[in-house]
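After the structure tokens below, expect a handful of questions from me.
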Amino acid sequence: MARRPLPRILSSGSASITRSREFARTATDNATDVLHPLITITRGLRLLAGAGRQKWAATPKDRRGPTLSLVAACVLAFALMPYGGLIALVTVMGAAAWAGRERTPVKTGPDEAETARLRSLYEALVPYFSVADDPGPLFSHGGDWEKAFSGYEFDGDGRLTRLQVTYPAYFTDSEAASRARIERLLHAKSGRGREYHFAWDEEGNQLVMNVLGALPTSIGAQRFVTAPGETVLGFTDGDAVQRTVPVHDGDTTRDAPPVVWRTGARSTEPHLLVVGQPGSGTTTLMRSIALQALQHGDILIVEGSGTGEYACLTGRDGVLSVECGLAGALATLEWAAHETERRLTAANRARQVGHPVPDDIKRPLWILLDRPSVLGHLAAADGRPDPQELLQGPLRHGRAAGVTVVLTDQFDSLDTLGETVRTHCRARVALGHCSREQVESVLGTEPHTTPAADVPPGRGYARLGTGPVLRLQVPATPDPYDEATGEAQRQAVLALLPERQVPVVEAAVPAGAGVPEPVLPRTVTVAVEGMAVTD
């Protein structure tokens, strides 16, 4: 059968129809642009009229008469005023234009992509928050996710920044393993590469997940506003602590929330243990603590790695000794043990006779030991005692004697730390990129945040005694003698170093000792003379 040709109006007039449609569309757009003010005023008048009707309907009947009288008085006043009608017209038109303006629509709920993400999270949580014999399950496949998610927020890229989950009362939220499974799931489904904080309300069966911002790394070494006996380990989130200190951040001064570690006779965590990975910033933290301790006390530094990271402190006022070798380290720690005993004896005698404690005992003494595991291996190979054994006296009686011990080591050497160190070093810091299990092995509990994807030097977690686990960023305190250190940071560290002092006590080998005593500066001449040397 031959195909019948199209009618003439459909075959030859398609181009003219298309042009007519384009012309009509252009004319409509131009008319809309021209009449846009009129359309806006008309829309505003309609909204004002509707608001007036609602106001009139809500007015009690006994007040409608006075209201009409007031309106009539206003109209009469405008009518009697010169140009009153024009002023009233301009006022009404202006109010109508303002009320009828185009407003950005208020977002009242998630869009399609956000709804799909929330439903995916809901379906993923069903196996963890549901049981087979629940008659009215809150979580079920194909269920209503709006009942379980009572709050949520998204960023500009459509990724979750906050989620509040209501879970059943029979969920075992008191078990760390159960909570960890939920946290890992939400971390994976909400997007990796960010750090999340999880707050469990076991009483109200609520879980709140928040995305945490990165801690600032631009705060460097400086004098912090602290009292004697307070040491700033680093800085954390603003809502984690109830205190701020002014800090210099680049060219500006601002308030930052610090992690403050308190030492002294009334401290519950008199000693500190820092564990990290190579290059995680443990030496930076030790150097920062040393600079702060020199404001009010004396320090002894024992470096097990022998890399000379603390050479800038050698010979400074208040620095009693900086030892890198095994012989000097053992002699220094032996002196520290005798000094602790001497301080305890002198303080006890002064209290018995009612005299004040001598000033040389009041001045704090800090023992900073970096990488004791390396020295322990060297001592075992040489048949000498482990340096940790010489720390038992300062660790057990250091709080009463004004002696503070700070140890740093790496995760692979954590099992070499003695029981005395683990028992008395109740202030803990874990630095570097580490798993939740590694953080728990140091701090005693898992953090309520997911591990960060990109960890700068000095980034980690801190826990003081039985307190909460806090995120931590150590202030940048590099070695000023390192060529890779920037000029601004080098000058900041050098400005905090005390003046150099010439040692006056010569090295000597006491009777019965196999290693020389450390060379101590003038600041401890009284302590050396009062120390009893035993065979």
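Start at 1 with the first residue, then count along the sequence. Because only heavy atoms are used, hydrogens play no part in the values below, and waters and symmetry mates are left out as well, while side chains stay in.
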Yes or no on side chain to side chain contact (heavy atoms under 4.5 Å, CB included) for Val241 and Leu470, after CA distance, side-chain angles and deciding distance?
-> CA-CA 9 Å; Val241 294; Leu470 305 175; 4.1 Å; yes
Would you please test Arg371 and Glu309 for salt bridge (charged side-chain N to carboxylate O under 4.0 Å, His left out) and show each step?
-> CA-CA 12 Å; Arg371 299 296 304 278; Glu309 293 287 346; over 6 Å; no
Donor-acceptor contact below 3.5 Å, side chain Asp249 vs main chain Thr252 = no
Arg266 atom CZ, neighbour heavy-atom count above 12 within 6.0 Å = no
Test item: Arg384 side-chain N/O and Ala379 main-chain N/O as donor-acceptor pair under 3.5 Å = no
Between Leu285 and Thr408, is any pair of side-chain heavy atoms under 4.5 Å apart?
-> no
For the ring pair His448 and Phe198, is the centre-to-centre distance below 6.0 Å?
-> no
Can you check side chain to side chain contact (heavy atoms under 4.5 Å, CB included) on Thr166 and Gln206, steps first, answer last?
-> CA-CA 5 Å; Thr166 302; Gln206 298 282 338; 3.0 Å; yes
Closest approach of Pro246 to Thr253 (non-hydrogen atoms, all atoms of both residues) = CB-CG2, 4.5 Å
Is a side-chain donor-acceptor pair under 3.5 Å present for Ser178 with Thr172?
-> yes
For Leu272 and Ala427, the nearest pair of non-hydrogen atoms, with its separation, is CD1-O, 3.2 Å
Please check if atom CD in Glu487 has more than 12 non-hydrogen atoms from other residues, nucleotides or ligands closer than 6.0 Å.
-> yes
Please check if any side-chain donor atom of Gln292 sits under 3.5 Å from a side-chain acceptor atom of Trp261, or the reverse.
-> no
Atom pair CG/CD of Asp237 and Glu195 - distance to nearest 0.5 Å = 8.0 Å
So, Arg422 and Glu419, do they make that salt bridge, N to O below 4.0 Å?
-> no
Flag side-chain contact, heavy atom, 4.5 Å: Lys147 against Leu138 | yes
Looking only at side chains, do Glu123 and His141 share a donor and an acceptor under 3.5 Å apart?
-> yes
Side chain Gln222, main chain His248, donor-acceptor under 3.5 Å = yes
Side chain proximity check, Ile289 to Trp366, heavy atoms < 4.5 angstrom | yes
N-O pairing of Arg179 and Asp173 below 4.0 Å | no
Consider only side-chain N and O atoms of Asp479 and Tyr310, and report whether a donor and an acceptor are under 3.5 Å apart.
-> no
Roughly how far, to the nearest 0.5 Å, is CG of Leu407 from CG of Leu395?
-> 6.5 Å
Answer yes or no: is there a side-chain heavy-atom contact under 4.5 Å between Phe154 and Thr161?
-> no
Closest non-hydrogen atoms of Leu118 and Phe149, given as atom of the first, atom of the second and distance, are O-CE1, 3.2 Å
Would the number of heavy atoms belonging to other residues, nucleotides or ligands and lying under 6.0 Å from CD of Glu341 be above 12?
-> no
Between the side chain of His197 and the main-chain N/O of Asn210, is any donor-acceptor distance below 3.5 Å?
-> no
Within the side chain of Asp134, is there an N or O that forms a donor-acceptor pair under 3.5 Å with the backbone of Gly136?
-> yes
Straight-line distance of Phe139 CZ to Phe129 CZ, nearest 0.5 Å | 5.5 Å
Sort out for me which residue in Glu269, His271, Arg399 forms a side-chain contact (heavy atoms from CB on, under 4.5 Å) with His424.
-> His271
Anything under 30° is parallel, anything over 60° is perpendicular, the rest tilted; go ahead and classify Phe171 against Tyr167.
-> perpendicular
Just by modelled atom types, is the Cys324 backbone N or O under 3.5 Å from a matching donor or acceptor in the Glu303 side chain?
-> no
Donor-acceptor contact below 3.5 Å, side chain Ser321 vs main chain Leu300 = no
Validation row: Ile367, Val403 side chains within 4.5 angstrom (heavy atoms) = yes
Do side-chain atoms of Arg223 reach the backbone of Leu496 as a donor and acceptor pair under 3.5 angstrom?
-> yes
Please report the C-alpha distance between Phe224 and Phe235 in whole Å, then the side-chain angles of each, then the deciding distance to 0.1 Å, and finally whether the ring pair (Phe, Tyr, Trp, His ring centres under 6.0 Å) criterion is met.
-> CA-CA 12 Å; Phe224 300 112; Phe235 298 90; 5.7 Å; yes
Roughly how far apart are Asp386 CG and His377 NE2, rounded to 0.5 Å?
-> 9.0 Å
Of the non-hydrogen atoms in Ser190 and Arg117, which two are nearest, and what is the gap between them?
-> O-NH1, 4.2 Å
Applying the side-chain contact (heavy atoms from CB on, under 4.5 Å) test to Ser373, which of Asp409, Leu378, Asp415 qualifies?
-> Asp409
Are Arg436 and Glu440 within salt-bridge range, i.e. N to O under 4.0 Å?
-> no
Side chain to side chain contact (heavy atoms under 4.5 Å, CB included) between Leu313 and Leu291, worked out = CA-CA 9 Å; Leu313 296 169; Leu291 292 177; 4.2 Å; yes
Look at atom CG of Asp454 and say whether more than 12 heavy atoms of other residues, nucleotides or ligands are closer to it than 6.0 Å.
-> no
Grab the two heavy atoms, one from Pro137 and one from Ser140, that are nearest each other, plus how far apart they are.
-> CG-CB, 4.1 Å
Any side-chain heavy atom of Arg396 sitting closer than 4.5 Å to one from Thr420?
-> yes
Interatomic distance, Glu437 atom CD to Phe411 atom CZ [nearest 0.5 angstrom] | 11.5 Å
So, Gln388 side chain and Thr416 main chain: donor-acceptor pair closer than 3.5 Å or not?
-> yes
When every non-hydrogen atom of Arg316 is compared with those of Leu497, the smallest separation belongs to NH2-CD1, 3.6 Å
Within 45 degrees of the axis of the six-membered ring of Tyr461 and under 6.0 Å from its centre: does Arg459 put its NZ or CZ there?
-> yes
When rounded to the nearest 0.5 Å, the distance separating CG of Leu215 from CG of Leu472 is 8.0 Å
Taking the side chain as every heavy atom from C-beta outward, state whether Leu185 and Leu125 have any pair of such atoms under 4.5 Å apart.
-> yes
Does one side chain, of Gln410 or Gln277, offer a donor that lies under 3.5 Å from an acceptor on the other?
-> no
Check: Thr450/Glu183 side-chain N/O donor and acceptor closer than 3.5 Å | no
Should Val165 and Met209 be marked as a side chain to side chain contact (heavy atoms under 4.5 Å, CB included) after you check the CA-CA gap, both sets of side-chain angles, and the distance that decides it?
-> CA-CA 8 Å; Val165 183; Met209 179 190 72; over 6 Å; no
Quick one: does Leu431's side chain get under 4.5 Å of Val429's, heavy atoms only?
-> yes
Expected output: side-chain Arg287 to main-chain Thr477 donor-acceptor under 3.5 Å | yes
